[in-house]
Amino acid sequence: MKDEKTTAAPDVGSAVDVEAIMRKYDRESNTRIWEGKPKLIVGGILALFSLFCLYVTLFANFLEQVRLSSFMGLIIVMGFLTYPAHKTHVRVNYIPWYDIVLMIVGAGAFFYYTFTARKLLNMRIAIKLRDPVYIAVGIAGLLVLAELCRRSVGVPILCVAGFFLAYTVFNFIRGGRLLAQIPHELFYGENGVLTTPVNVCSKYIVVFIIFGAFLERTGIADFFINVANSLAGSSAGGPAKVAVISSALCGMVSGSSVGNTVTTGSVTIPMMKRTGYDANFAGAVEAAASTGGQIMPPVMGAAAFLMADYVGVPYSNLIVRAILPAILYFLGIFIAVHLEAKKLGLKGISRDELPKMRKLIKDTYLLLPLLVLVYLVCTNRRTMQFAAAMSIVAAIIVGVISNIVNYVRAQRAAGSGAKAPDVLKAAVGMKGGFGAKNIFDSLEAGAKGSVSVGVACGVAGVICGCITVTGLASKAINFIVGVSGASPMLALVMTMICCIVLGMGVPTTANYCIMASTCAPILIKMGIPTIAAHFFVFYFGIVADITPPVALAAYAGSAIAKGNPMKTGLNATRLAIAAFIIPYVFAFSPSMLFVDTVWYEVLQIGMSSIIGMYGIAAALSRYMFKKMNVLECLLAAGGGLLLIIPGLVSDLCGVGLVGAVIAMQLIGRKKEQAARA
């Protein structure tokens, strides 16, 4: 029995284990502990912040500087109420005096700009630069923002910001410019904190984070996992395929690689291990699939909203273009886990143990909020904020319906009827379920989730400001164009390396902002279409979460699976090979992103990509229909890579090579079967 328990471990379904893993690998989860009345007070402040954000994005017509500075001031307040100086400093219902001072100073700096914005905008720059209060407030605001960033996001992004800030100081000194211009530009100006990243965050991202918090509490994640189990649980290596499908579906909601890994992984990883998958492989499957949540429409990750603003296209346009690459990404992982299951001879779960689809159909009303969102976004009838707000209302309605459905089902199971007064009480959450408390908790969770994103966007604005005011972007463009010469492939490879290295310590939002300011223009100059260039840097900023040595999603998966973090990261990188291939495909063949194309070109690029990923996945697994030899692996990999290159000739050569390997495998398997017979 002891051995069986070890095989089936880990039992990480408990909230304690999940919370411990989140606190270790997700900095956003290292929060203060509030209980009793202080919890209600702090929760109320956070909930009011969410309501303020909804009001401002939907109804308010503030001056932009007023709106952005007040938003960041409140982010500072929420941040210091939520994040301690260090995770070891957490004490119940305690906030040290110095944190209160930092909160007042930091929030005060931004609110100073809020209440003096009109006056300062009408004042000449020369006068402002001679005002010590003006300069001191800017410096204080930047320093407190940096400290909150250290707490909620991490040190690596501060190292990047520190490097660019040091370069800016050096550049100003060498150019004989006043150092007082630095806080003026970075805190108050159009090239600093209060620029595109924070603007997009306050207008769009926060509202969708709040929507995600509401949607999570409707129970849709469990529904997605049950649907995935019903569809693929009984096939070869079923639990791994369930992990891929459920993570793709849940990723549409969360947009967080670590959060998605822990949420769905606490269910799928133990299932994979019980089926026979190695711990390192099981953790890698979940991490690779969960990371794809940031590229999965309709919500995607926060950086997608930034991309829409940078590229200047409607978000609805962006999510349509993201559909085919996202499907191919998850299909690539699905193929890899299928081949691994076949190689190991793994079976699926008995159909008797799996949920029945006919019963799940009764719960499809849970999809209503997502359907409302997709409809409103894609029809462009209202703003994105309005679409998110209406989806929140739909989530509340779905919660009420769930209360009624669950109550009636429970009464039927107990053999008693459902009385009308009790049904009404259940509907409003008085008998458990989704009620006023869940609405309050959703608003609170939405505010908490907004802090780290808002802070990351603020620091990203500082980094982008340093790049802009020093002219570093144009220097980087000239350097890389000079090194790569006339080779777009070399420029793409150099950009990929920059994105992955930067992404090892910088959140996706900040990573994308930096790369959109520096590398994306380089690719555009080399002839890559604008939308493809931005998608390229977006994808490679995301895969840093599974690329060693700093692969947070993979490490979270390894913690659940009790595996080796580095081996899990390497396995996740292998499984997510599609994420390293697809960006090159749409860089050279924008048809994948529906750019200047017709349907048959999209069909061709889609089919060639699928065959190419199959060949590469088989080569990496060293298995297709039987174990592959070295020659077969080389031919399959070569054929897969040829299918990346656009053009009929390369596609035909690639298909020929992969087809030849398939034929060799089928003939070899037939001979082995004949020999055994």
Side-chain angles (χ1 to χ4, degrees), residues 28 31 41-83 103 106-107 110-111 113-114 117 145 148 152-153 193-217 253-256 299-306 308-309 315 369 373 376-377 382-396 438-458 460-461 509:
E28 297 176 29
T31 56
I41 294 170
V42 173
I45 294 171
L46 290 165
L48 286 172
F49 171 74
S50 290
L51 291 173
F52 169 79
C53 290
L54 289 171
Y55 168 76
V56 169
T57 56
L58 289 171
F59 306 111
N61 191 23
F62 298 156
L63 182 71
E64 186 169 287
Q65 287 80 358
V66 171
R67 178 174 61 83
L68 298 182
S69 59
S70 61
F71 172 77
M72 287 305 296
L74 291 171
I75 283 286
I76 296 291
V77 174
M78 304 303 110
F80 280 97
L81 287 175
T82 304
Y83 295 100
M103 179 174 66
F110 284 100
F111 288 139
Y113 191 28
T114 300
L145 177 65
L148 183 56
S152 62
V153 183
V193 175
L194 307 178
T195 49
T196 296
V198 167
N199 184 31
V200 173
C201 181
S202 64
K203 284 176 67 177
Y204 307 117
I205 297 174
V206 170
V207 187
F208 277 85
I209 289 174
I210 297 170
F211 164 63
F214 273 91
L215 193 58
E216 181 183 346
R217 282 158 180 77
V253 179
S254 70
S256 167
V299 178
M300 302 175 69
F305 294 94
L306 290 166
D309 198 86
Y315 186 73
L373 176 66
L376 291 175
V377 168
R382 294 294 186 94
T383 63
M384 289 289 297
Q385 303 95 304
F386 179 82
M390 289 300 98
S391 301
I392 290 171
V393 173
I396 295 173
N438 258 7
I439 293 174
F440 180 86
D441 289 345
S442 299
L443 291 170
E444 180 185 356
K448 282 184 178 179
S450 301
V451 171
S452 59
V453 178
V455 171
C457 286
T509 47

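Just so you know, residue 1 is the first one in the sequence shown, and it goes up from there. Not measured: the values here are computed from a predicted model. Computed from heavy atoms alone, side chains included, the values below leave out hydrogens, waters and symmetry copies.
- The side-chain heavy atoms of Phe214 and Ser391, taken from C-beta on, include no pair separated by under 4.5 Å.
- Under the side chain to side chain donor-acceptor pair (under 3.5 Å) criterion, Ser202 pairs with Arg67, sequence neighbours left out.
- Remark: Phe211 CZ to Leu373 CG distance equals 5.0 Å, nearest 0.5 Å.
- Between Asn438 atom CG and Leu443 atom CG the span is 10.5 Å, to the nearest 0.5 Å.
- Nearest heavy-atom pair across Thr509 and Ala456 is OG1-CB, 3.8 Å.
- Put simply, CG on Leu376 and CD on Gln385 are 12.5 Å apart, with the number rounded to the nearest 0.5 Å.
- Minimum interatomic distance between Ala389 and Leu58 (heavy atoms only, all atoms of both residues): CB-CD1, 3.7 Å.
- When all heavy atoms of Ile45 and Met78 are compared, the closest pair comes out as CG2-CE, 3.4 Å.
- For the pair Leu54/Val207, a side-chain contact is recorded, criterion being any heavy-atom separation below 4.5 Å from C-beta on.
- Between the CG atom in Leu81 and the CG atom in Leu46 there is a gap of 6.5 Å [rounded to 0.5 Å].
- With a 4.5 Å cut-off on side-chain heavy atoms, Ser69 and Leu194 count as touching.
- At least one side-chain heavy atom of Phe49 sits under 4.5 Å from a side-chain heavy atom of Ile75.
- Side-chain contact check for Ile439 versus Ile396: some heavy-atom pair is nearer than 4.5 Å.
- In this structure the side chain of Thr57 never reaches within 4.5 angstrom of the side chain of Phe386, judged on heavy atoms.
- The aromatic rings of Phe305 and Phe208 are tilted relative to each other, their planes meeting at an angle between 30° and 60°.
- Just one of Asp309, Ile205, Leu306, Val453 meets the side-chain contact (heavy atoms from CB on, under 4.5 Å) condition when paired with Pro197; it is Leu306.
- Residues Ser452 and Ser152 have side chains that never bring a donor and an acceptor to within less than 3.5 angstrom of each other.
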| said: Ser442 vs Ile210, test: side chain to side chain contact (heavy atoms under 4.5 Å, CB included). Steps then yes/no. | reply: CA-CA 7 Å; Ser442 299; Ile210 297 170; over 6 Å; no
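- Inter-residue side-chain proximity for Phe71 and Val56 is flagged as unmet; no heavy-atom pair is nearer than 4.5 Å.
- The two atoms that bring Ser70 and Phe111 nearest to each other are O-CE2, 3.7 Å, heavy atoms only.
- Under the 4.5 Å side-chain criterion, counting only non-hydrogen atoms from C-beta, Met72 is in contact with Leu145.
- The two residues Val193 and Phe110 have their closest heavy-atom pair at CG1-CE2, 4.1 Å.
- Between Ala387 and Val377, the shortest heavy-atom distance links the atoms CB-CG2, 3.9 Å.
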